[in-house]
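Below: the structure, in structure tokens.
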Amino acid sequence: MERERIHRRLLQWYRHRRRPLLWRQRSWTPYEVLVREVMLQQTQSSRVEQALPAFLQRFPTLQALAAAPLADVLQQWAGLGYYARARALWRCARLLLERYGATIPEDERLLRRLPGIGPYTSAALLVFAFGRQDVPLIDTNIRRVLLRVTGLAATPPAPAQLRELARAWIPTGASAEWHEALMDLGATICTARHPRCSECPIGQWCRSAHRVPPPPPRSARREPEFAGLPRRLWRGRLLRLLVERNPLPLKHAAELLFGPAPSVEQRRWLLELVAALERDGLLDRRNGILCLPNAPQAPRESIPSAGEPR
DNA sequence: AATACGTGGAC
DNA sequence: TGTCCACGTAT
């Protein structure tokens with residue numbers, strides 16, 4: 001059958017990559033998979049491959065991560081962006097330590113209630129950490145590849161149907177490798193804009209091969225800016241400063257961001273950024289001094305029990 | 001339901 | 001060289 005040919009060819013292609021991805025080079029504990037997948041949520045795999053070993057060396061176990069002050073976790077996260085992910089991961093580790101004896105539950109409903117774990121990460125844990133064969137993992141790469149191979153790209157099915165389609169495509173006993181191979185293919189060959197169909201290992205069976213994909217729709221909205229830069233860039237700059245020189249007087253932060261004599265407007269903007277970061281739990285402000293939040297003072301976290309509606 | 005988040009990379 | 005873009009989670 002055609003599908004089985006595709007299975008064989010794609011798995012063969014993935015196994016014989018010139019430089020195997022980091023996660024193919026050894027086996028991983030569930031905790032390590034959790035850290036890896038949270039990192040992969042918004043960060044290209046090449047950068048995760050650089051940052052992950054250092055992070056795991058510093059926090060080798062879930063207990064080590066849970067015991068660390070948040071400030072240390074944020075510092076180890078420096079350069080990866082989306083610092084809220086690091087905080088969610090840290091909260092997740094503490095919850096798992098408190099409620100599940102530092103084990104990661106093998107249950108989608110429980111996983112989904114943990115901070116920072118959504119549909120992608122819960123499925124990734126089940127597939128990569130627990131070897132589940134019946135759980136489809138769908139990220140945008142996998143979605144794009146499957147829809148193209150099946151010729152459904154122009155008329156994508158509803159999420160529930162896509163799930164069933166993805167589940168039906170999992171080759172017997174090779175779920176983890178299959179999903180890794182699909183993501184790798186989507187990232188390197190079956191790309192969104194300019195797919196390299198002539199290099200594709202399964203191009204001969206692909207119903208969309210050598211067809212120009214429709215241009216993705218562009219977002220219409222502009223993000224809020226200050227002095228020509230989007231808010232999130234200022235936010236990232238401030239957090240980066242703080243990670244490098246924690247603690248940091250507000251006055252110094254203003255000078256480092258804006259120069260020796262910050263204007264009223266610039267100081268006002270800084271206060272906005274500080275307030276937003278405080279709300280997100282990524283920064284504390286005490287007596288005009290900014291600092292990274294510390295673990296011991298953090299309020300005890302709680303999560304709703306599994307039976308409650310979301 | 002629509003939007004914010006952030007960095008490196010594509011073009 | 002700058003401009004645009006990715007994409008899972010939380011809200």
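Basis for what follows: all heavy atoms, side chains included, without hydrogens, waters or symmetry-related copies. So you know, we letter chains A, B, ... as the sequences are listed, proteins then strands, and number each from 1.
- Interatomic distance, A:Leu290 CG to A:Leu270 CG, rounded to the nearest 0.5 Å: 7.0 Å.
- For A:Arg58, the CZ atom sits in a packed shell: over 12 heavy atoms of surrounding residues, nucleotides or ligands are nearer than 6.0 Å.
- Not one side-chain nitrogen or oxygen of A:Thr43 sits closer than 4.0 Å to the OP1 or OP2 atom of B:dG6.
- Salt-bridge annotation for A:Arg240 and A:Glu244: present, with a side-chain N of the basic residue lying under 4.0 Å from a carboxylate O of the acidic one.
- No more than 12 heavy atoms of other residues, nucleotides or ligands sit less than 6.0 Å from atom CD of A:Glu265.
- A:Pro201 approaches A:Ile189 most closely through the heavy-atom pair CD-CD1, 4.2 Å.
- Heavy atoms of A:Thr121 sit under 4.0 angstrom from primed sugar atoms or phosphate atoms, though from no base atom.
- A heavy atom lying under 4.0 Å from DNA chain B marks the following residues of residues 228-239 of chain A, by number: A:Arg231, A:Arg232, A:Leu233, A:Arg235.
- Rounded to whole Å, the P atom of B:dT3 lies 16 Å from the corresponding atom of C:dC5.
- As a whole-Å value, the separation of A:Tyr83 OH from B:dC5 P is 14 Å.
- Taken residue by residue, residues 272-282 of chain A places no heavy atom nearer than 4.0 Å to DNA chain B.
- With DNA chain C read from its 5' end, the first of the two nearest nucleotides for A:Gln42 and A:Ala88 is the one closest to A:Gln42.
- Rounded to whole Å, atom C1' of B:dT7 lies 14 Å from atom CE of A:Met39.
- Using a cutoff of 4.0 Å between basic side-chain nitrogens and carboxylate oxygens, A:Arg132 and A:Glu108 are not scored as salt-bridged.
- Taking atom CD1 of A:Ile142 as the reference point, atom P of C:dC7 lies 12 Å away to the nearest angstrom.
- Across all strands shown, C:dC7 forms no Watson-Crick or G-U wobble pair with both key distances under 3.5 Å.
- Look at CZ on A:Arg85: it is 18 Å from P on B:dA4, rounded to the nearest Å.
- Within the 4.5 Å cutoff, the side chain of A:Leu282 has heavy atoms near those of the A:Arg87 side chain.
- Distance CZ/A:Arg112 to CG/A:Leu110: 12.0 Å, rounded to 0.5 Å.
- For A:Gln25, the CD atom sits in a packed shell: over 12 heavy atoms of surrounding residues, nucleotides or ligands are nearer than 6.0 Å.
- One can place OH of A:Tyr120 at 14 Å from P of C:dA10, the figure rounded to the nearest angstrom.
- Residues A:Tyr14 and A:Glu177 have side chains that never bring a donor and an acceptor to within less than 3.5 angstrom of each other.
- Atom P of nucleotide B:dT7 and atom CD of A:Glu49 are separated by 20 Å, given to the nearest angstrom.
- Here the separation of C:dC7 from B:dA10, taken at their P atoms, is 13 Å to the nearest Å.
- We find that CD of A:Glu223 is positioned 11 Å from P of B:dG6, with the value rounded to whole Å.
- Within a heavy-atom distance below 4.0 Å of DNA chain B, the residues of residues 75-82 of chain A found are A:Gly79, A:Gly81, A:Tyr82.
- By the 4.5 Å heavy-atom criterion applied to side chains, A:Leu22 and A:Arg36 are not counted as neighbours.
- Spacing between C:dT11 and B:dG6 at atom P, rounded to whole Å, works out to 14 Å.
- Distance, A:His194 NE2 to C:dC5 C1': 11 Å, rounded to whole Å.
- The partner of B:dG6, taking Watson-Crick or G-U wobble pairs whose two distances both stay under 3.5 Å, does not exist in any strand shown.
- The distance from the CG atom of A:Leu95 to the CG atom of A:Leu62 is 10.0 Å, given to the nearest 0.5 Å.
- With B:dG8, C:dC5, C:dG8 as the choices, the nucleotide that has an atom nearest any side-chain atom of A:Asp139 turns out to be C:dG8.
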